[in-house]
Amino acid sequence: MRRRLVLVGLGASLVAGCDVPARLASLPEKLRGSASFHGLPKGTRVLTDGSDDALMGHMARESLRRELAYAERTGAKSLGPATYLAISGGGENGAYGAGLLTGWSALGTRPEFKVVTGVSTGALIAPFAFLGPAYDRELERFYTATGKKDVMASNGLVAAALGESLYDSTPLLHTIRSVLTPTMMADIAREYTEKGRLLCIATTNLDVPVGVLWDIGAIAASGHRDAAELVAKILLASASIPGAFPPVMIDLEAGGEHFQEMHVDGGTVSQVAFYPPSFAGDDLLVTGAGDAVRLRRTVRDRPRRLYVIRNARPGADIETVDRSTVKIASRAVSTLIATQGIGDLYQLYVLAQRDHIDFNVAWIPASFGEKAGEPFETGYMNRLYRVGRAAIADGTAWSKYPPGYDPTPLTQIGPAAG
């Protein structure tokens with residue numbers, strides 16, 4: 001669905017006019033350090049270009065401290081492995097990830113994740129995945145009962161050509177609000193505050209442009225009256241494919257002036273998110289901290305596992321491309337998106353090797369060759385949901401390597417025949 005909408009959006013952009021909604025100016029670089037977001041506690045979002053690695057380190061340290069304190073209160077002898085989950089974009093293909101997760105619960109082996117990250121449709125899955133099996137029924141309903149009318153409404157040809165998007169995403173915002181209940185927000189806040197667990201959603205700040213990771217647990221725990229609405233807007237932004245859905249404008253203030261940031265689909269920067277390669281031990285562990293030795297020992301000795309759910313098949317579907325400008329450009333963009341997604345998996349694999357994290361990745365099997373007849377086609381999603389459940393049940397879901405990677409080195413080539 002992502003490809004189809006981006007491509008149509010590309011076609012619309014060729015004839016776009018100037019009759020678009022007004023907006024406030026973007027934040028000047030010199031005011032970035034003093035800017036505050038309405039309802040957002042300070043330090044609860046980081047840029048993924050490496051410029052906020054120190055802030056990310058602070059977030060990780062405080063999370064670990066809360067986790068250690070929880071272990072002491074509950075009498076746990078050790079923290080156990082740190083298990084991470086990163087969920088990719090993929091539109092209606094998110095039904096695969098939903099099926100995999102609920103099927104994992106049915107096996108009784110699904111871990112409690114220390115960190116959950118989500119991009120685009122992965123952002124919509126992430127809160128359910130973070131809260132665990134207790135929310136499996138809601139997750140299943142979201143990806144088996146949701147239809148196109150619950151996600152988008154057409155703006156019409158003229159409005160699409162002269163405006164900012166082909167579709168109105170208000171139905172998706174209403175759907176997000178309906179599941180983001182006060183109980184869910186309280187549950188997210190509790191896991192963040194008591195156990196130090198992190199739920200992070202990726203968007204793209206199109207003004208800079210740069211990827212952004214939002215600390216949803218910190219926002220939920222802030223107690224701000226608009227916290228739930230801000231989280232809903234972040235989830236919507238993460239799933240707002242440029243050209244297909246309108247961008248989400250997020251207000252901020254600095255120096256007594258009001259500004260706005262334009263946020264769109266996190267997949268614009270990366271199809272799946274974890275932490276940037278620039279983030280390293282020196283960012284996580286501050287030498288001068290009073291508990292530095294304890295934190296260092298915990299990070300060094302603790303087993304870590306990363307599970308990545310790629311809500312897509314490896315490679316692109318074969319089709320005959322018409323010799324027209326829009327068709328050729330559209331096919332090129334879809335190919336770029338597909339290859340970017342595979343590249344993101346390789347980056348996470350390298351990162352896991354560097355940081356001694358056990359790497360596991362799942363993707364839609366090539367044997368599932370169906371295509372959705374329309375975005376968020378309910379029948380298609382139900383069938384794909386069952387594929388996800390079957391993959392985890394029969395033990396074929398996880399691979400230790402990204403698609404197409406052969407771990408056999410060239411130095412192990414045998415002697416030539418003859």
Next on the checklist: Given 3.5 Å as the limit, does a donor-acceptor pair link the side chain of Thr117 with the main chain of Ala273, or not?
Outcome noted: yes

Checklist entry - Relative to the ring of Phe368, is the ring of Tyr380 parallel (under 30°), tilted (30 to 60°) or perpendicular (over 60°)? => result tilted

Item to check | Asp322-Ser324 side chain donor-acceptor pair, cut-off 3.5 Å | outcome: no

Next on the checklist: Does the structure place the NZ or CZ of Arg304 under 6.0 Å from the centre of the six-membered ring of Phe359, at an angle of no more than 45° from the ring's axis?
Outcome noted: no

Checklist entry - Backbone N or O of Leu336 within a donor-acceptor pair of the Thr339 side chain at under 3.5 Å? => result yes

Next on the checklist: With a 3.5 Å distance limit and no angle check, can you tell me whether Asp251 reaches the backbone of Gln260 through a side-chain donor-acceptor pair?
Outcome noted: no

Item to check | Lys/Arg-Asp/Glu bridge criterion (N-O < 4.0 Å) met for Glu140, Arg137 | outcome: no

Checklist entry - Are Trp214 and Thr44 linked by a side-chain donor-acceptor pair shorter than 3.5 Å? => result no

Next on the checklist: Can a donor-acceptor pair be found, under 3.5 Å and without considering hydrogens, that links the side chain of Ser222 to the backbone of His224?
Outcome noted: yes

Checklist entry - Does the side chain of Asp265 come under 3.5 Å of the side chain of Ser120 through a donor N or O and an acceptor N or O? => result yes

Next on the checklist: Apply side-chain contact (heavy atoms from CB on, under 4.5 Å) to residues Thr121 and Asn311 and explain how you reach the verdict.
Outcome noted: CA-CA 9 Å; Thr121 199; Asn311 291 302; 4.1 Å; yes

Item to check | Residues Lys114 and Glu67 bridged, charged N to O under 4.0 Å | outcome: yes

Item to check | Salt bridge present between Arg45 and Glu261 (N-O < 4.0 angstrom) | outcome: yes

Item to check | Results of side-chain contact (heavy atoms from CB on, under 4.5 Å) for Pro133 - residues two or more places apart only | outcome: Ser105, Arg110, Asp136

Would you tabulate the side-chain donor-acceptor contacts of residues 385-394 under 3.5 Å, counting partners in other chains and residues two or more places apart, or write 'none'?
unit_1: Tyr385; atom_1: OH; unit_2: Thr102; atom_2: OG1; d: 2.7
unit_1: Arg389; atom_1: NH1; unit_2: Thr102; atom_2: OG1; d: 3.0
unit_1: Asp394; atom_1: OD1; unit_2: Thr396; atom_2: N; d: 3.1
unit_1: Asp394; atom_1: OD1; unit_2: Thr396; atom_2: OG1; d: 2.6

Next on the checklist: Pairing donors with acceptors under 3.5 angstrom, does anything connect the side chains of Asp355 and Tyr275?
Outcome noted: yes

Checklist entry - Between Tyr307 and Phe113, how do the two ring planes meet: parallel, tilted or perpendicular, split at 30° and 60°? => result perpendicular

Checklist entry - Should the ring pair Tyr405 and Tyr346 be called parallel, tilted or perpendicular, given that the plane angle runs from 0 to 90° and is split at 30 and 60? => result perpendicular

Next on the checklist: Working note: Asp406 + Tyr401, criterion side chain to side chain donor-acceptor pair (under 3.5 Å); need CA distance, chi angles, decisive distance, verdict.
Outcome noted: CA-CA 8 Å; Asp406 187 337; Tyr401 307 104; over 6 Å; no

Item to check | Expected output: side-chain Tyr96 to main-chain Trp363 donor-acceptor under 3.5 Å | outcome: yes

Next on the checklist: Closer than 4.0 angstrom, basic N to acidic O: yes or no for Arg310 and Asp344?
Outcome noted: no

Checklist entry - Are Asp207 and Arg23 within salt-bridge range, i.e. N to O under 4.0 Å? => result yes

Checklist entry - Does the ring pair (Phe, Tyr, Trp, His ring centres under 6.0 Å) test come out yes or no for Trp104 and Trp398, once each step is laid out? => result CA-CA 12 Å; Trp104 203 352; Trp398 301 113; 5.3 Å; yes

Checklist entry - Just by modelled atom types, is the Leu235 backbone N or O under 3.5 Å from a matching donor or acceptor in the Ser238 side chain? => result no

Checklist entry - Of Leu348, Val361, Ile87, Ile309, which meets side-chain contact (heavy atoms from CB on, under 4.5 Å) against Val272? => result Leu348

